[in-house]
Structures are given as C-alpha cells and as structure tokens.
Amino acid sequence: MLIYQYPWKQPILDVTLALPTDKKYESVSLQDFDLQSLYAVIKYNGSSLVQSKDYYKVVDLATKKVNVIPIAWNMRSQYTLEGTELVVNTSSISGTPFGISTNVELTIYSRYNLKTNSADFKINNIFANAESNWASSYFDGHLILTDTEQKQFVLLQAKGQLIQSRPARAGDMYSRLVGYDNGLAYTLVWANDKVKLIEEDMKTS
C-alpha cells in the first residue's frame, strides 16, 4: 500500500499488506478501503471451497503494524468508521449449503477500537435452526436488526439500547436504514424489483 501527498511524486508511506493468513483462502478480493486519521482500513473477502469470509485489515500508519479483524464464515458485513472506531454489522447469507452455524455465538454487530484492535462493544446471538437468517443495517448511530428465528424487527442505539421492537414483516430482511429523526425511522426496502422509502414511527418504548 502506497500513500502519497501533494505534489504526488513520491510515496510518503509504503506498507506491506500481505500476511500469511491470506494464504488459507483459494482467492482473495479487495472490497473497500478507507482512511481515518492515523489508520487505514481495508475490507477483503476470501473464498475457499463453497464458503466465503469477510475480513478487515487495520493499518496503523504511524507504526506500519497491520492487524486483522476476521468475520465468521458465510456472513455479509458492512462497516463504517466513527472516530477511532470501526463499526461492523453483519447479515447471514441465505441459501448457503451449510446454513448458519447453530448453538454458538454469532456476532451481529461490533465496535472495534482501532488503537487496540479489540471490540469495545458487541451484540451476539445464538441460533438453534441452521435455516434461520438475520439481517442488519447501521446508519448514524442506529442499528436495525431482523431475526427470522425470533420473528422480530428491532431498532437499537449505537451501544445496544433498545429504541423499539415489533414483529418482523415481509421485506424487513431486505431493508436498509437511511435515517432516524424525531422518533421516525427511514428505511429503503427492496421488493418486486423496486425500491421504496418507508417512514415508520419507532419512538423509544
């Protein structure tokens, strides 16, 4: 990884990102890249046999140290950077040959400290049925989570405080949170090849 600054002639930083752990995957693709203060975050997806796995490399630009934050197999993940925190939320991948892992803790949402590479806060869940699924979406300090096993849709604050919950509805698994203001949640919902903006009253219960 080369980082330049004006006048863009020579890199001011050269960091090797390749790690021995990359070799355990049959193929690796770079998914996204972000810079935040003294850190760079690179999202990868590694595949092996019929499974795939997201993982994140966090680079301390001052020391050139590279840390890896792995996500469990067969999950989709999204992330955002907030100050010196990496916020990651996950969703299951429907239709995978092995289904989701059961009777073990699966991390749905986590906030990693970029300085320590440790999670300061996590939401985990345990599923009993391999055919269960969940979907989550994070935006501006709020998280929505749909759980097909519990048949629940919940809206949470950044540190897990419950704002509101209700029974899950058709389409919740495909919704994306895009705003929350004055007790109103705004989500984009994909249905029948169309996207709808939904406004829903979800004041603190």
Side-chain angles (χ1 to χ4, degrees), residues 21-32 41-58 67-80 85-112 117-139 142-178 185 187-192 198:
T21 52
D22 295 332
K23 296 180 180 179
K24 67 182 179 181
Y25 305 106
E26 293 177 354
S27 65
V28 173
S29 61
L30 190 151
Q31 302 288 302
D32 209 344
V41 175
I42 307 99
K43 178 184 177 182
Y44 294 87
N45 180 266
S47 62
S48 181
L49 298 176
V50 293
Q51 302 186 84
S52 66
K53 182 176 189 174
D54 289 344
Y55 61 100
Y56 296 82
K57 290 182 180 178
V58 178
N67 290 313
V68 177
I69 296 174
I71 307 300
W73 289 98
N74 302 324
M75 295 184 187
R76 293 190 308 273
S77 70
Q78 294 80 39
Y79 79 98
T80 189
E85 284 189 312
L86 170 65
V87 183
V88 180
N89 63 285
T90 67
S91 301
S92 60
I93 300 176
S94 301
T96 55
F98 303 109
I100 66 171
S101 299
T102 58
N103 301 314
V104 296
E105 284 193 339
L106 299 176
T107 300
I108 310 299
Y109 168 79
S110 47
R111 304 182 69 91
Y112 293 93
N117 202 49
S118 60
D120 291 337
F121 180 80
K122 280 187 176 185
I123 294 176
N124 296 325
N125 205 349
I126 298 176
F127 295 87
N129 188 338
E131 296 182 358
S132 296
N133 283 289
W134 78 91
S136 68
S137 177
Y138 180 85
F139 181 82
H142 297 87
L143 177 77
I144 57 171
L145 171 61
T146 303
D147 178 343
T148 65
E149 190 161 285
Q150 299 297 323
K151 297 180 175 58
Q152 284 289 305
F153 175 93
V154 298
L155 174 66
L156 305 169
Q157 295 180 17
K159 291 298 180 69
Q161 299 95 329
L162 177 66
I163 297 175
Q164 187 59 265
S165 66
R166 61 162 171 75
R169 301 169 185 162
D172 285 342
M173 284 290 293
Y174 309 100
S175 63
R176 177 181 176 185
L177 183 66
V178 294
T187 56
L188 293 177
V189 178
W190 282 261
N192 300 319
I198 305 297

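At a threshold of 4.5 Å between non-hydrogen side-chain atoms, the residues Arg176 and Trp190 count as touching. Side-chain contact between Asp32 and Tyr79: present, with at least one pair of heavy atoms (C-beta onward) separated by less than 4.5 Å. Side-chain contact between Ile71 and Tyr56 is present, with heavy atoms from C-beta onward closer than 4.5 Å. Side-chain contact between Ser175 and Ile144 is present, with heavy atoms from C-beta onward closer than 4.5 Å. At a threshold of 4.5 Å between non-hydrogen side-chain atoms, the residues His142 and Leu155 count as touching. Inter-residue side-chain proximity for Leu156 and Ile123 is flagged as met; some heavy-atom pair is nearer than 4.5 Å. Looking at heavy atoms from C-beta onward, Ser48 lies in side-chain contact with Trp73 at the 4.5 angstrom threshold.
Shown here for Met173 and Ala135, the closest heavy-atom pair between the two residues is O-CB, 3.5 Å. When every heavy atom of Ile108 is checked against every heavy atom of Ser136, the shortest pair comes out as O-OG, 4.1 Å. The two atoms that bring Leu86 and Val41 nearest to each other are CD1-CG1, 4.1 Å, heavy atoms only. Across all non-hydrogen atoms, the minimal contact from Ser52 to Ile93 is OG-CD1, 4.2 Å. The two residues Leu177 and Ser137 make their nearest non-hydrogen contact at N-OG, 2.9 Å. Listed here is the closest heavy atom pair of Thr102 and Ala130: CG2-N, 3.3 Å.
The side-chain hydrogen bond (donor to acceptor under 3.5 Å, both in side chains) search around Gln31 returns Ser29, not counting sequence neighbours. Residues forming a side chain to side chain contact (heavy atoms under 4.5 Å, CB included) with Thr107 (at least two apart in sequence, or on another chain): Ser110, Lys122, Asn124. With sequence neighbours excluded, no residue satisfies salt bridge (charged side-chain N to carboxylate O under 4.0 Å, His left out) with Lys53. Evaluation of the side-chain hydrogen bond (donor to acceptor under 3.5 Å, both in side chains) rule for Glu85 yields Arg111 as partners, not counting sequence neighbours. Looking at residues two or more places apart in sequence or on another chain, you find no salt bridge (charged side-chain N to carboxylate O under 4.0 Å, His left out) involving Asp120. For Arg166, the salt bridge (charged side-chain N to carboxylate O under 4.0 Å, His left out) partners are Asp172, Glu200, not counting sequence neighbours. Residues satisfying the side chain to side chain contact (heavy atoms under 4.5 Å, CB included) criterion with Ile126, sequence neighbours excluded, are Glu105. Take Thr80 and apply the side-chain hydrogen bond (donor to acceptor under 3.5 Å, both in side chains) test, not counting sequence neighbours, and it matches no residue. Listed by chain and number, the residues in a ring pair (Phe, Tyr, Trp, His ring centres under 6.0 Å) with Tyr55 are Tyr25, Tyr44 (sequence neighbours excluded). By the side-chain hydrogen bond (donor to acceptor under 3.5 Å, both in side chains) test, Thr90 is found to be paired with Trp134, residues two or more places apart in sequence or in another chain being considered.
Taking CZ from Phe139 and CG from Leu188, the interatomic distance works out to 10.0 Å, rounded to the nearest 0.5 Å. Remark: Ile69 CD1 to Tyr112 OH distance equals 5.5 Å, nearest 0.5 Å. Between atom CG of residue Asn129 and atom OG1 of residue Thr148 there is a gap of 8.0 Å, rounded to the nearest 0.5 Å. Distance check: Asn74 CG to Ser92 OG gives 10.0 Å after rounding to the nearest 0.5 Å.
Without hydrogens or angle criteria, Tyr109 side chain to Ala158 main chain gives a donor-acceptor distance under 3.5 Å. Panel note: side chain Asp54, backbone Ser77; a donor-acceptor pair is recorded below 3.5 Å.
Within the structure, the side chain to side chain donor-acceptor pair (under 3.5 Å) test picks out no pair touching residues 154-163 (sequence neighbours left out). Among residues at least two apart or in separate chains, there is no salt bridge (Lys or Arg N to Asp or Glu O under 4.0 Å) pair with a member in residues 145-156.
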